[in-house]
Amino acid sequence: MRYGIDVNYQANPGVMKKSSRDRFGIGFLLSYNLNNKLLFRNKLTVDKVKAKESPYGSFKDYAKANPYDQIYDEDGNLIKSYQPHVSTSNRFLNPLYESTLNHKDNTTYTEWTDNFDFDWFISEHFRLKARVSYSERTDKQEKFTDPESAIYNESDYQDGEGILKRGEAYSFQEKSSNLDMNVVFSYNQQLGSHFLNAVLGGNVIETRFANESYSVIGFPSGSMDYISFGKEFKDLTPEGGEGLSRLVGLFVNLNYTWNNIYLLDLSGRLDGSSKFGSKKRYAPFWSAGIGWNVHNEKFFEGLKGVINHLKLSANVGATGKASFEAYEAQDVYEYYKGQWYAGGLGVIMNNMGNTNLQWEKTHTFDGNFEIQFLNGLVSANMNYYVKTTKDLLADITLPPSSGFESYRDNLGELENKGYEISLRGFVVRDKDLIVNVFGSIAHNKNVIKKISNSLETYNKKVDDEQDNYEPGWGEAIETAKPQVQFKEGQSTTAIYAVKSHGINPMNGKEVFEDLKGNLTYEWSAANKIVCGDTEPKVSGAFGANADWKGFNINVSFLYQCGGQVYNQTLVDRVEDANLSWNVDRRVLQGRWKEPGDHTFFKDIKNRDRTEVSSRFVQDENVLQFKSLSFSYSFPTELIQRWSLERLKLTFQMEDIFRISNVKRERGLDYPFARIFNVGLQVQF
């Protein structure tokens, strides 16, 4: 019998002052082994995470504050808010004043998981394994807005009932659980040069959740922040929801090997999910693979001094996907609480189901080549694949006259082709020092092979919305962004925009090109073409690892080349910048002002929305220093004197730097962070 306990604590202070995310954890292990025939193992873990948002608010509030705005008034008090400096109704709150109030935004969750494993070696050839995993999680979020906040300076909160609506508390709580059970019966047999392994099994998964939330308004003061001090519900009644889904599967696997040279794998399974309608609930999936260990052939003996491992393999098969919420395939009704009838509550339909919704299926073919030289000193792996996904699952936007915003449907066919190549080599490999380097390169291209009528309707709706955009009364102008569109023969990551010839130096207007090649000042969604693709031509990683007498260092880099990006930063911060806030200096220095100016940006007096054009599509190449880690494992003979089995110190850095030829924002609501971790691992 073996038993153990582990405890962990991780403190993560945030970049914004007084923000944090702390994690606590404890685990208990108990296992029992009876004569190496019967094994029971149980692991119970409990984790708690506390997250606290900064009382200083969002970083973007400081970025858009004008540098000439005073922080304090004549009496030395923090100014609550600033009047706009241009003809706009926007008011700007002083985030430093807000930080002195009792605003709160805290999130916690507690999760416990119990894994029970059963392993029975029935005989030399038969084995029975089973696992039951059950977890429960409780999420809770609490927010409080102090009634003294400057957001309540509007006239609606100054007199009468408005005064009693200052301050707001929000509470959200959700309980969820997950049950995963599986059982596997296996048989293996060695008969001379033949080895056979057969597996028969099944699994059941059940997930469920239930949540409730409500907002209360009207608080006497910021110190009375408990939700019971609120005067009334903000939205008349609380809200809530629940979900339940189940999946059951049966599977069989067969593996055959001849003389450890020729390999054959066959598998099949039948899955059923309650997420689908009754007509398409079950679906079969399968796979088949072959392999050839060339290095074990007799004719290869003479090459083993140079090449010690050479394997060829190929696989083909189909997998399924059900990535949506529990009841999206069903008609769902909810009680209408806004009106009571003599007989009780009425109901309204809030989700239009699709009983013909079926599994998203991906058919895959891949070939693999593995090779090692000089007793593993250098190794390489090359893989080529073709993946065809049919019955794509997506939300379809519906016309308002239907009474629903969208519904889930199977929409078409997508093909992915690509390759992956990885290399690893030892620069030094001796008793005390081991140094190895690694690198990889990957390429993927996806093409939409077929789309449904629903997707064609979606594409038209996107074009209509971009052509006919008008902000509502009192709404700020929303900057235009490229929208995802689905067209046969194109990529799902294509960037659709109107081709631009830049800014006319004579009048500061942007010159577009229509589909016939004519130049025009009028932007139209009908003239959009593919102007780039966010999928890089190649991407990958490289780095190195070294071990010396208990010390370890690891460095890794990521790179990508050949893709494009739509530089939304130039649109949001320069051409569509809100002039009542602090703005990019290029708003004044980089925009067109008078005839003869050759600029990238349009007329500074032009306040119309900048539409999506190829002017902002830029080639992007990136090199990222992803991580750097150091560790030291104390010698066994030393720590045994302290009654320890293991003692290890670790230090890790992530996102050390990122070099890109495209300059754009990486974090503004919450600033981009570099992460430093210091760890101590102790095993008794």
Side-chain angles (χ1 to χ4, degrees), residues 1-12 20-33 38-52 106-120 128-142 171-185 199 201-213 239-251 269-276 281 285 319-330 359 677 679 681 683:
M1 180 175 289
R2 294 175 61 88
Y3 55 90
I5 181 172
D6 61 82
V7 180
N8 66 79
Y9 168 69
Q10 187 179 52
N12 289 319
S20 62
R21 181 170 284 102
D22 298 335
R23 179 185 296 271
F24 314 83
I26 187 169
F28 303 93
L29 172 67
L30 179 66
S31 66
Y32 176 69
N33 188 338
L38 196 60
L39 175 65
F40 297 93
R41 186 176 185 272
N42 195 84
K43 180 70 180 288
L44 174 66
T45 59
V46 181
D47 291 291
K48 184 168 185 177
V49 175
K50 292 184 176 181
K52 182 180 179 181
N106 301 327
T107 303
T108 63
Y109 79 78
T110 303
E111 181 176 27
W112 67 267
T113 302
D114 190 81
N115 292 315
F116 177 77
D117 293 275
F118 168 82
D119 202 348
W120 180 20
L128 181 65
K129 293 183 65 176
R131 163 175 271 209
V132 178
S133 176
Y134 181 77
S135 64
E136 283 191 1
R137 172 167 164 162
T138 301
D139 290 82
K140 189 172 184 180
Q141 182 180 21
E142 293 182 335
S171 177
F172 170 85
Q173 183 165 311
E174 179 175 274
K175 291 186 177 181
S176 58
S177 65
N178 184 81
L179 174 65
D180 189 345
M181 300 183 295
N182 66 73
V183 59
V184 176
F185 181 74
V199 174
N203 68 299
V204 176
I205 300 175
E206 178 188 273
T207 59
R208 64 172 69 222
F209 72 87
N211 59 50
E212 59 185 34
S213 64
E239 297 293 331
E242 60 84 25
L244 169 64
S245 66
R246 295 187 178 97
L247 181 144
V248 60
L250 298 172
F251 58 89
R269 65 178 296 134
L270 178 68
D271 283 327
S273 173
S274 64
K275 291 184 177 182
F276 295 95
R281 189 156 289 171
F285 305 102
T319 57
K321 185 178 177 182
S323 55
F324 55 91
E325 298 300 324
Y327 305 129
E328 292 191 35
Q330 305 170 31
W359 289 77
N677 288 320
Q681 298 177 14
Q683 186 170 336

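Sequence positions, counted from 1, serve as the residue numbers for this chain.
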Shortest non-hydrogen contact between [X] and [Y], atoms and distance:
X: S213; Y: F172; answer: CB-CD1, 3.8 Å
X: N115; Y: S133; answer: OD1-OG, 2.6 Å
X: S273; Y: W359; answer: CB-CZ2, 3.7 Å
X: Y134; Y: S177; answer: OH-CB, 3.7 Å
X: W112; Y: V46; answer: CB-CG2, 4.0 Å
X: S274; Y: S245; answer: OG-CA, 3.3 Å

Taking everything shown except R137 itself, do over 12 heavy atoms lie less than 6.0 Å from its CZ? yes
Short side-chain to backbone donor-acceptor contact, R281 and F276, under 3.5 Å: yes
Separation between [atom1] of [X] and [atom2] of [Y], rounded to the nearest 0.5 Å:
X: I26; Y: D6; atom1: CD1; atom2: CG; answer: 8.0 Å
X: K140; Y: N106; atom1: NZ; atom2: CG; answer: 10.5 Å
X: N8; Y: Q681; atom1: CG; atom2: CD; answer: 10.5 Å

Pair T138-T108, side-chain contact (heavy atoms from CB on, under 4.5 Å): steps then yes or no: CA-CA 8 Å; T138 301; T108 63; over 6 Å; no
Just to verify, what does [X] make a side chain to side chain contact (heavy atoms under 4.5 Å, CB included) with, not counting sequence neighbours?
X: L39; answer: N33, D119
X: Y9; answer: A11, D22, F24
X: E242; answer: A210, Y327
X: E212; answer: none

Are any of the side-chain heavy atoms of N12 and N677 separated by less than 4.5 Å? yes
Could you tell me if the side chain of R2 sits less than 4.5 Å from the side chain of L29, heavy atoms only? no
Sequence neighbours left out, what passes ring-ring contact (aromatic ring centres under 6.0 Å, His included) with [X]? Give chain and number order.
X: Y32; answer: none
X: W120; answer: none
X: Y109; answer: none

[X]: partners by side chain to side chain donor-acceptor pair (under 3.5 Å), with sequence neighbours left out:
X: N42; result: D114
X: E174; result: N211
X: D117; result: R131

Report the residues that fulfil salt bridge (Lys or Arg N to Asp or Glu O under 4.0 Å) with D47, sequence neighbours left out, ordered by chain and then residue number. none
Counterpart residues, salt bridge (Lys or Arg N to Asp or Glu O under 4.0 Å), relative to R269 (two or more places apart): D271
